[in-house]
Amino acid sequence: MSCKTALITGIAGQDGSYLSELLLAKGYTVRGIVRRASYPHTERVDHLLRAHDERDPDCRFKLDYADLGDVSSLRNVVEQVRPDEVYNLASQSHVGISFITGESTLDFNAIGPFRLLDTLRRMGAPTRYYQASSSEMFGASPPPQNETTPFLPQSPYGVSKVAAFYLTRMHRVAYGMFAANGILFNHESPRRGINFVTRKITRGIASILTGEIRKLYLGNLDAKRDWGFSGDYVEAIWRILQQPEPDDFVIATGDTRTVREFLEETFSLLGLVWEDFVEVEDRYMRPAEVPALLGDASKARRVLAWEPKVRFKELCRMMLEGDLAAKGLTLEAARALGSTLRPGKK
Ligand code: GDD
């Protein structure tokens, strides 16, 4: 069992919650930073908060307030926690919305990591730093993409992640810090945010079945993504920080599917034809699109001994079952309900 301390930004997100579970199981003390909100969004880690009493001086799971836009809050938390490892998972993570909130996306996603890296550098402690880099950085570069593929970002989000990638690398090269990038391709789960396309679809199907909505409105159905399972990807994230030397790694499944294929697979699990329930709307089209992502993770396989376990069909089923369960439905009950549905009607 480890007695290390990890600090996670973005701990209340999908990856933050799975990574926390993984590190706690390994014996880490886990501290996470959250931003102040009038309605805290800690649903994904509430089970961990309940299991750990923060009044206990040896408490192994605790959240602190800090903000990637506020360097003094970062300094306070880093000085107090003295982490062995920092996982910077926090970001404005929605590509489409970054076209509307470009400036704050750049500030949070690019200057934010700089503030954190700079704080760690000034402290001079041998902290290991992980940067959540993204396949969105490859943008228009044709697939397959690996660590040597040129970055050609297509969105403010993509540009912000390229800046953070190079800032991380620069702290490694210039100051000798252990600063590493995981270039993660899309990764999903039942804990995925509700406005990413996979979760929007599985949650939408559950709401169609219960009659809350009649149709699902989507954008580009031709985009291809390499979709993996977040629970598998946090294992890779951890392994990246356990290497003898800091380095950058592509993490992907090596399988690419269109949004249309995701629709086909999930609707067909209930015996439904997606075309009866989906409409394409211009408002969900992006000013520039990343047409096709397909990761070549052979370096991660070789160096990290990492392999994804969950494949596309299992991921679709897992996500659909999660959203059905939230409505009190099993897959079998949902199939029966589905057979009573008329296309596009309640
Ligand atoms: N969100 C969304 N909503 N996307 C849609 C919709 C819709 O209604 N309709 C079609 N799409 C298309 C998008 O245009 C995109 O091509 C694809 O579905 C996937 O969109 P998202 O699920 O929003 O993910 P993303 O690929 O843009 O970004 C995700 O993956 C990146 C890694 O490549 C995010 O998780 C990023 O934070 C992450 O870095």
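In listed order, ligands and their atoms are each counted from 1.
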When you compare ligand 1 with Arg225, is there at least one nitrogen or oxygen pair between them that comes in under 3.5 angstrom?
yes
Under 3.5 Å: N/O of Gly219 near N/O of ligand 1:
yes
Check for me whether the distance between the ring centres of Trp306 and Tyr233 falls short of 6.0 Å.
yes
Output yes when the distance from some N or O of ligand 1 to some N or O of Ala223 is under 3.5 Å, and no in every other case.
no
Are His94 and Phe196 an aromatic pair by the rule of ring centers under 6.0 Å?
yes
Should Arg192 be counted as touching ligand 1, given the test is an N or O pair under 3.5 Å?
yes
Out of Glu289, His94, Arg286, whose heavy atom sits nearest atom 27 (O) of ligand 1?
Arg286
Minimal heavy-atom distance between Arg44 and Arg191, with the atoms involved, is NE-O, 2.8 Å
Identify the closest protein heavy atom to atom 36 (C) of ligand 1: which residue and atom is it, and at what distance?
Ser93 O, 3.3 Å
Could you tell me whether the side chain of Ser268 and the main chain of Gly271 form a donor-acceptor pair under 3.5 Å?
no
To which protein heavy atom is atom 33 (O) of ligand 1 closest, and what is the distance rounded to 0.1 Å?
Ser135 OG, 2.4 Å
Is a salt bridge present between Asp255 and Arg311, judged by a nitrogen-to-oxygen distance below 4.0 Å?
no
Ligand 1 to Tyr157 polar contact by distance, N or O atoms, under 3.5 Å
yes
Is the centre of the Tyr284 ring less than 6.0 Å from the centre of the Tyr217 ring?
no
